[in-house]
Every structure is written in C-alpha cells, then in structure tokens.
Amino acid sequence: KRNPDDVHVYFNEKTRSQALQLREELGAAFPWLTFYRPHEQPIGPHPLPMWEADFTNTKDAATDWAAVTAWLREHARGLSILVHPHSGDSLWDHTDGAHWIGPSLPLRLGMFRPRRPPAAPPVVRA
C-alpha cells in the first residue's frame, strides 16, 4: 500500500521526553497512523534525532492530513515537526512540498536529486 505522507518530530536531549509524549498522544488520537522506532541520531536528510509516523493506513489522505496537521499545530509544544508527501521526488517532498509546524530545520538535502524537470531559465534580452 502506498504511503502518501510522513510525520517527523525532531528532538534533542532536552526535548526528547516531550517528543515521545507527543508520539503517544498522537497514536492515541490517530491509531491508524503507523509509528516507527525513534532514531536517536540524525539519519538521512534529518539533522536531529526524530521519530516518524506515516499515513500508510489512511482511508482519506486529504481529510486525514488536515486532521493530523491541525492536531499537531495544537499540541506541538514548540517542537519542530515536518509533514511531507511522497510524490516520487524526494527533493521536492522535503522542500517545496514540506509542511513545517513549529520551527523549521535545515535538512541535509545533498542526497536528493530532483526528478521534476527544472524550470526553464529566464530569457535574457539585450
């Protein structure tokens, strides 16, 4: 089954317990989300430790995305939270397609290559 969206909640030593508490609360509010073990070190494009949940089991991706992001905005506790799609273009997903709740973080994007054709360069007229 295709996963349309991911949630990443970032933490450090000081915010780890509140991030894990948010994980439990989000799971209780949206039991259809799939949760993965927390990563205690940066991984992939993610610059801080984080935990991840995905929308693989959603019945209605647009409605569920709106409900989850509204809930996260209300309960974010100042944490940095990234919600991004899976469009087939990971660079776009983590940049233009990214939805941040709380402070955004600089992701490590060097591993991604764009799949969409780049915009045409502007025409220079003399």
Side-chain angles (χ1 to χ4, degrees):
K1 190 171 180 181
R2 184 181 169 280
N3 172 31
D5 296 283
D6 280 346
V7 174
H8 299 274
V9 176
Y10 300 93
F11 57 87
N12 57 34
E13 284 183 26
K14 292 179 184 174
T15 60
R16 184 180 188 280
S17 63
Q18 71 188 59
L20 295 180
Q21 180 64 37
L22 181 67
R23 184 178 191 269
E24 291 202 18
E25 293 169 8
L26 183 66
F30 301 98
W32 52 265
L33 285 168
T34 301
F35 288 83
Y36 300 94
R37 68 174 180 80
H39 293 279
E40 301 293 337
Q41 299 292 323
I43 184 171
H46 308 288
L48 293 175
M50 58 91 187
W51 58 260
E52 177 181 355
D54 75 34
F55 283 61
T56 300
N57 297 314
T58 183
K59 302 278 191 254
D60 179 347
T63 300
D64 288 342
W65 186 94
V68 168
T69 56
W71 188 94
L72 286 168
R73 278 191 297 278
E74 186 176 328
H75 297 87
R77 302 180 179 111
L79 295 167
S80 293
I81 302 171
L82 168 63
V83 184
H84 72 80
H86 286 270
S87 71
D89 182 339
S90 293
L91 181 59
W92 184 87
D93 295 342
H94 289 83
T95 55
D96 294 337
H99 178 79
W100 285 95
I101 298 167
S104 64
L105 298 173
L107 299 177
R108 302 180 303 185
L109 301 171
M111 66 183 57
F112 299 134
R113 297 292 169 252
R115 290 185 142 186
R116 297 167 190 251
V123 175
V124 178
R125 300 189 195 275

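- Sorted by first and then second residue, the pairs that involve residues 77-86 and meet salt bridge (charged side-chain N to carboxylate O under 4.0 Å, His left out), not counting sequence neighbours, are Glu25-Arg77.
- Sequence neighbours left out, not one pair with a member in residues 98-107 passes salt bridge (charged side-chain N to carboxylate O under 4.0 Å, His left out).
- Scanning for salt bridge (Lys or Arg N to Asp or Glu O under 4.0 Å) contacts around Arg73 gives an empty result, with sequence neighbours left out.
- The side chain to side chain donor-acceptor pair (under 3.5 Å) test applied to Thr95 returns no partner, not counting sequence neighbours.
- Separating the OG1 atom in Thr69 from the CG atom in Asp5 is a distance of 9.5 Å, to the nearest 0.5 Å.
- Side-chain rings of Phe35 and Trp51 approach one another, their centers coming within less than 6.0 Å.
- With sequence neighbours left out, the ring pair (Phe, Tyr, Trp, His ring centres under 6.0 Å) criterion links Tyr36 to no other residue.
- A search for side-chain contact (heavy atoms from CB on, under 4.5 Å) contacts involving Asp96 returns Trp92, not counting sequence neighbours.
- A side-chain donor-acceptor contact under 3.5 Å links Asn3 to the backbone of Phe55.
- For Phe11, there are no ring pair (Phe, Tyr, Trp, His ring centres under 6.0 Å) partners at least two apart in sequence or on another chain.
- In terms of the side chain to side chain donor-acceptor pair (under 3.5 Å) criterion, Ser80 has no residue partners (sequence neighbours excluded).
- For residues 41-58, there are no salt bridge (charged side-chain N to carboxylate O under 4.0 Å, His left out) pairs, not counting sequence neighbours.
- Residue pairs meeting the side-chain hydrogen bond (donor to acceptor under 3.5 Å, both in side chains) criterion with at least one member in residues 38-49, sequence neighbours excluded: Tyr10-His46, Arg16-Glu40.
- Under the rule for a side-chain contact (heavy atoms from CB on, under 4.5 Å), the partners of Ala29 that lie at least two apart in sequence or sit in another chain are Trp71.
- With sequence neighbours left out, the side-chain contact (heavy atoms from CB on, under 4.5 Å) criterion links Ala66 to no other residue.
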